[in-house]
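Everything below concerns the one structure shown next.
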Amino acid sequence: MSQDAIVVLDFETTGLSPLQGDRAIEIGAVKLQQGVVVDRFQQLMNPGFAVSSFIADYTGITNAMLSDAPSCETVMADFADFIQGCHLVAHNASFDQKFLTAEFARIDLEQSQPFACSLLLARRLFQAVPNHQLGTLVNYLGIANDGVFHRALNDAEVTGALWLALSDAVSQRWACPAPSFELMLKLQRQPKHQLEKFMRAYLG
DNA sequence: TGCCAGGCCCTCTTTAGGGCCTT
């Protein structure tokens with residue numbers, strides 16, 4: 001896979017913190033190549049314990065659905081192959097990155113790819129939106145969806161579309177070609193009030 | 001016993017507090 005491929009991913013999990021014992025229960029991802037979805041990955045995985053009623057309600061993923069799912073270790077090994085050589089994107093990437101790092105560590109793998117965050121970019125580029133939850137941004141931007149949120153592949157699909165909208169927003173606002181992944185990484189780290197200054201310097 | 005995430009970002013800030021976002 002060429003180095004400019006981007007995997008947009010989303011985890012469903014048993015809770016908020018792998019350090020508190022939470023595990024992944026589903027991974028969904030789309031692979032983008034030059035702005036087009038060229039591959040997809042979706043898999044439930046059995047965390048080895050029952051999920052809470054809150055998580056079952058929140059995600060729609062029940063213990064019955066997980067009972068015959070493969071283990072996290074098996075799924076994450078396959079997912080490591082899927083993302084090899086790709087840049088990574090997620091909405092609130094710090095959340096997905098900590099679960100990816102934790103699940104990989106259990107099978108002696110390291111997560112080393114650059115990881116961009118559509119939440120941080122949206123806060124900088126779409127400041128008029130009431131909030132920057134994924135669902136709000138999807139509705140605000142008119143991104144096609146089937147109304148199902150909190151399932152991994154669905155969220156990854158719309159986050160992929162959000163990523164392309166963010167890229168288009170940069171191109172239109174600064175009348176420049178489609179930004180590289182590296183430029184998006186730099187933009188997400190700029191203080192809001194320095195975006196214009198940063199881009200003027202970047203574009204020369 | 002009681003506690004229980006953590007990074008980002010704003011502001012009535014920086015010797016801090018609290019909202020936002022993810023499950």
Side-chain angles (χ1 to χ4, degrees), chain A residues 7-30 41-63 65-66 69 72 75-76 79 83 88-106 111 113-141 143 145 147-163 165-166 184-198:
Chain A
V7 168
V8 184
L9 64 96
D10 182 70
F11 276 108
E12 304 306 318
T13 70
T14 64
L16 292 171
S17 174
L19 291 179
Q20 300 290 322
D22 289 317
R23 299 295 303 273
I25 55 174
E26 188 180 40
I27 179 71
V30 296
F41 189 103
Q42 180 183 31
Q43 186 63 59
L44 291 168
M45 52 193 126
N46 191 326
F49 56 88
V51 302
S52 67
S53 58
F54 171 82
I55 292 298
D57 290 343
Y58 187 81
T59 65
I61 299 170
T62 64
N63 286 301
M65 293 165 65
L66 297 173
C72 296
V75 173
M76 295 313 297
F79 191 63
I83 67 174
L88 303 178
V89 171
H91 197 66
N92 197 17
S94 66
F95 175 85
D96 293 278
Q97 185 167 26
K98 69 184 178 183
F99 273 95
L100 185 61
T101 298
E103 293 294 347
F104 271 11
R106 289 173 175 269
Q111 189 275 306
Q113 290 101 319
F115 215 134
C117 179
S118 57
L119 169 64
L120 295 181
L121 283 160
R123 282 176 173 164
R124 286 159 176 75
L125 296 170
F126 300 138
Q127 296 188 31
V129 192
N131 63 63
H132 297 86
Q133 296 172 21
L134 183 59
T136 301
L137 288 162
V138 165
N139 290 328
Y140 177 84
L141 295 167
I143 291 173
N145 70 92
V148 175
F149 287 96
H150 309 306
R151 283 301 299 269
L153 183 58
N154 289 291
D155 284 5
E157 295 268 10
V158 294
T159 303
L162 170 59
W163 175 260
L166 289 161
M184 297 292 265
L185 269 182
K186 290 177 180 173
L187 271 175
Q188 79 176 36
R189 296 174 185 137
Q190 298 303 312
K192 286 179 190 174
H193 63 279
Q194 290 185 9
L195 279 186
E196 294 296 336
K197 179 181 177 183
F198 169 80

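The chains referred to below are lettered A, B, ... by the order of the sequence lines, with proteins before strands, and numbering in each begins at 1. Computed from a prediction, not measured in an experiment: that's the story for all the values here.
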Interatomic distance at P, B:dG18 relative to B:dC4, whole Å: 14 Å
Separation between the C1' atoms of B:dC12 and B:dG17, rounded to whole Å: 11 Å
Sugar-phosphate only, base, or nothing, as touched by A:Phe99 at under 4.0 Å among non-hydrogen atoms: nothing
A:Arg123 side chain, from C-beta outward: closest of B:dT23, B:dT22, B:dC8: B:dC8
Span that lies between the C1' atom of B:dT14 and that of B:dC9, in whole angstrom: 14 Å
Reference residue A:Ile143; test side-chain contact (heavy atoms from CB on, under 4.5 Å); the match among A:Leu134, A:Leu137, A:Thr159, A:Val158: A:Val158
Closest non-hydrogen atom pair between A:Ala90 and A:Asp96, with its separation: CB-OD2, 3.5 Å
Touch class at under 4.0 angstrom, heavy-atom based, for A:Leu119 against every strand present: sugar-phosphate
Options B:dC21, B:dA5, B:dC9, nucleotide nearest the side-chain atoms of A:Ser17: B:dA5
Selected nucleotide, minimal atom distance to A:Thr13 side chain, candidates B:dC9, B:dA5, B:dT23: B:dT23
Closest nucleotide among B:dA5, B:dC10, B:dG6 to the A:Leu19 side chain: B:dG6
A:Leu125/A:Gln188 under side chain to side chain contact (heavy atoms under 4.5 Å, CB included): CA gap, chis, key distance, verdict: CA-CA 9 Å; A:Leu125 296 170; A:Gln188 79 176 36; over 6 Å; no
Parallel, tilted or perpendicular: rings of A:Phe11 and A:Phe79 (30°, 60°): perpendicular
Sugar-phosphate only, base, or nothing, as touched by A:Asp22 at under 4.0 Å among non-hydrogen atoms: nothing
Pair A:Glu26 + A:Arg151, salt bridge at N-O below 4.0 Å: yes
For atom CZ of A:Phe126 and atom C1' of B:dC9, their distance in whole Å: 19 Å
Sugar-phosphate, base or nothing in reach of A:Leu134, heavy atoms under 4.0 Å: sugar-phosphate
Nearest-Å distance once atom C1' is located in both B:dG19 and B:dG2: 25 Å
Nearest-angstrom distance, C1' atom, B:dT13 to B:dA5: 23 Å
C1'-based separation of B:dG7 from B:dT23 [nearest Å]: 16 Å
Whole-Å gap separating P (B:dC8) and CG (A:Leu121): 13 Å
Sugar-phosphate only, base, or nothing, as touched by A:Gln133 at under 4.0 Å among non-hydrogen atoms: sugar-phosphate
Sugar-phosphate only, base, or nothing, as touched by A:Thr59 at under 4.0 Å among non-hydrogen atoms: sugar-phosphate
Whole-Å distance separating the CD atom of A:Gln20 from the C1' atom of B:dC3: 10 Å
Interatomic distance, A:Gln190 CD vs B:dC8 P [rounded to whole Å]: 14 Å
B:dT23 phosphate, OP1 or OP2, under 4.0 Å from A:Lys98 side-chain N/O: no
d(CZ, A:Arg189; P, B:dG7) in whole Å: 15 Å
Spacing of A:Gln127 atom CD relative to B:dC9 atom P, expressed in whole Å: 12 Å
Nearest-angstrom distance from the residue atom CG of A:Asp96 to C1' of B:dT23: 9 Å
Given DNA chain B, 5'-ward residue of the pair A:Leu120 and A:Asp155, judged by closest heavy atom: A:Leu120
side-chain contact (heavy atoms from CB on, under 4.5 Å), paired with A:Phe95, selected from A:Leu100, A:Leu119, A:Thr13, A:Asp10: A:Thr13
Side-chain N,O (A:His91) to OP1/OP2 (B:dC21) below 4.0 Å: no
Closest to side chain of A:Phe95, choosing from B:dC21, B:dT23, B:dG6: B:dT23
Length of the line joining A:Gln188:CD and B:dC20:P, which is rounded to integer Å: 21 Å
Shortest side-chain distance from A:Asn131, nucleotide among B:dC8, B:dG7, B:dC21: B:dC21
Parallel, tilted or perpendicular: rings of A:Tyr140 and A:Phe126 (30°, 60°): tilted
Inter-nucleotide P distance (B:dC8, B:dC3), Å rounded: 28 Å
